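Just follow the structure's listing: the first ligand is 1, and inside any ligand the first atom is 1. Keep in mind the model is a prediction, meaning the values are calculated, not measured.
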Amino acid sequence: MERLLLRNIDRENSNSIETYLSNGGYLSLRKALREMSPGDVIEEVKRSGLRGRGGAGFPTGMKWEFAAADIKEPKFFVCNADEGEPCTFKDRLIIEKDPHALIEGMLIGAYATGCRYGYIYLRGEYPVGRKILERAIGEAYDKGFLGENILGTEFSFDLYIHSGAGAYICGEETALINSLEGRRGEPRIKPPFPVNAGYLWKPTVVNNVETLANIPLIIERGGDWYASIGSPDCPGPKLYPVSGKVKRPGVYELPMGTPLSEIIYEHAGGIVGDRKLKAVFPGGASSSVLTSEEIDVPMDFPSLAKAGTMLGSGAVMVLDETDCIVRASLRLIKFFRHESCGKCTPCREGTDWLVRIVSRIEEGLGSEDDLDTILDISSVMENSFCGLGMAAHNPVVSSVRKFKDEFLKHIKLGRCPFRRS
Ligand SMILES: Cc1cc2nc3c(=O)[nH]c(=O)nc-3n(C[C@H](O)[C@H](O)[C@H](O)COP(=O)(O)O)c2cc1C
Ligand code: SF4
């Protein structure tokens with residue numbers, strides 16, 4: 001497939017404005033401002049079928065339509081560049097290698113929705129990205145793409161960077177907004193949704209980095225062209241970060257809906273040492289695990305939901321036959337326990353109990369009753385306040401369901417069968 005999202009990354013000085021301009025950069029902004037009304041831009045994005053790449057897969061055009069319809073002012077446009085999910089490293093590539101694609105996408109989105117100010121909420125652990133973005137924003141101001149009366153029109157937009165302080169929950173859009181306001185990074189109740197009551201309780205669009213990098217392409221080549229790529233229900237190019245026991249870990253740009261088996265065996269080169277694949281977490285750390293028999297699934301939102309898991313950020317984590325699934329699920333739930341903000345009981349207590357129980361099983365001190373307790377706890381966690389708690393138990397519960405024998409082996413042997421000593 002032609003490189004679309006990653007079209008610039010191999011160019012010399014790929015993150016400079018000169019490189020971006022020499023490859024048609026900011027022509028989509030020009031087209032949107034000079035030839036299209038805000039409503040036309042929203043229609044084009046709706047026609048494209050673009051769904052958000054931050055995890056929830058919400059239709060981008062619809063989100064913009066809601067924000068555009070709200071008359072409160074000023075409105076804000078926020079780029080979610082928090083990227084805190086373990087094994088997700090796709091947005092970083094755009095931030096560091098092609099920051100102007102993200103800025104141009106934000107500008108077009110802000111024009112379409114009537115936003116006057118923008119923030120890039122950047123993962124605190126991306127200091128290199130921050131320097132690159134600072135330079136890129138300065139270049140965009142110098143060329144007149146940011147600031148007052150952009151390209152001689154009535155559209156004005158100022159853009160700022162805000163670095164997070166290392167909390168995964170601040171990637172959740174309402175916790176992000178709280179953090180941006182200087183409050184504790186905890187989610188807010190929804191509704192009202194940020195498009196109506198977000199930053200400073202004003203209409204606020206929150207979009208992921210990868211989502212925004214698609215926008216200049218859609219305006220340049222049209223929504224119909226975009227909708228013809230990949231899965232009909234969920235089109236476009238997609239960045240899949242692949243990690244774990246594959247020969248060639250990395251970020252792969254492929255049409256949405258590419259089979260998981262193709263991603264692992266053709267693009268990422270198959271399993272290290274040609275060992276057997278054991279399990280895959282197909283959509284980030286909170287996705288339910290798939291077995292080796294289940295990997296022919298198309299990697300898009302509806303297909304993975306049908307398969308009982310989710311696309312999430314699209315981060316593929318591969319385990320081979322030498323990996324212990326009990327230890328892998330323990331590692332993941334430990335992450336969520338650490339990152340739980342503590343606001344609600346099911347998540348705060350549930351993640352802690354899951355860590356305690358899976359730890360004792362992993363050490364060979366568990367009992368068969370523990371497996372039922374895990375399922376009970378997870379059904380309570382489904383009622384958590386936000387997506388973190390609602391999904392945190394998925395890797396553990398799906399591992400218990402699909403690899404029950406391995407959990408029982410730990411219990412019967414009184415030790416981990418994968419440990420040498
Ligand atoms: C716990 C949690 C963490 C999240 N982290 C991120 C993140 O790092 N980046 C992101 O874009 N979206 C993240 N999201 C999703 C956002 O809440 C939101 O749906 C997204 O930024 C909207 O942008 P999109 O429509 O372009 O996908 C997270 C959600 C949850 C529940
Ligand atoms: S689910 Fe977890 S992260 Fe979300 S509000 Fe509750 S405690 Fe906080």
Could you identify the single nearest non-hydrogen protein atom to [atom] and state the distance to 0.1 Å?
| atom | answer |
| --- | --- |
| atom 6 (Fe) of ligand 2 | Cys344 SG, 2.3 Å |
| atom 4 (Fe) of ligand 2 | Cys386 SG, 2.4 Å |
| atom 31 (C) of ligand 1 | Glu172 CG, 3.5 Å |
| atom 28 (C) of ligand 1 | Gly171 O, 3.4 Å |

Enumerate the atoms of ligand 2 whose separation from the nearest heavy atom of [X] is less than 4.0 angstrom.
| X | answer |
| --- | --- |
| Ile169 | 3 (S) |
| Gly342 | 7 (S), 8 (Fe) |
| Ser340 | 2 (Fe), 7 (S) |
| Phe385 | 1 (S), 5 (S), 6 (Fe) |
| Gly389 | 1 (S) |
| Ser384 | 1 (S) |
| Cys347 | 1 (S), 2 (Fe), 6 (Fe), 7 (S) |

Which of the ligand 1 atoms, numbered from 1, are nearer than 4.0 Å to a heavy atom of Glu173:
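So the atoms of ligand 1 that pass are 16 (C), 17 (O), 18 (C).
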
So if I count the atoms of ligand 1 from 1 in the order they appear, which ones are less than 4.0 Å from some heavy atom of Lys63?
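Listed by number with element: 22 (C), 23 (O), 24 (P), 25 (O).
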
Looking only at N/O atoms, are Asn208 and ligand 1 under 3.5 Å apart anywhere?
yes

Could you tell me whether Asn80 and ligand 1 have an N or O pair separated by under 3.5 Å?
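So ligand 1 has an N or O lying under 3.5 Å from an N or O of Asn80.
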
Region of Glu83 engaging ligand 1 - heavy atom pairs below 4.0 Å
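Glu83 to ligand 1: backbone contact only, side chain stays beyond 4.0 Å.
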
Applying a 4.0 Å heavy-atom criterion (strictly less than), which segment of Arg53 is in contact with ligand 1: side chain, backbone, both, or neither?
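For Arg53, only backbone atoms sit under 4.0 Å from ligand 1.
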
Under 4.0 angstrom from ligand 1, any heavy atom of Arg123?
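No.
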
I'd like to know whether ligand 1 has Cys386 as a neighbour, heavy-atom separation below 4.0 Å.
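For ligand 1, residue contact (heavy atoms, under 4.0 Å) with Cys386 is absent.
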
Residue Cys341, metal atom 8 (Fe) of ligand 2, N/O/S under 2.8 Å:
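Within the cut-off used here (under 2.8 Å), Cys341 does place an N, O or S atom near atom 8 (Fe) of ligand 2.
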
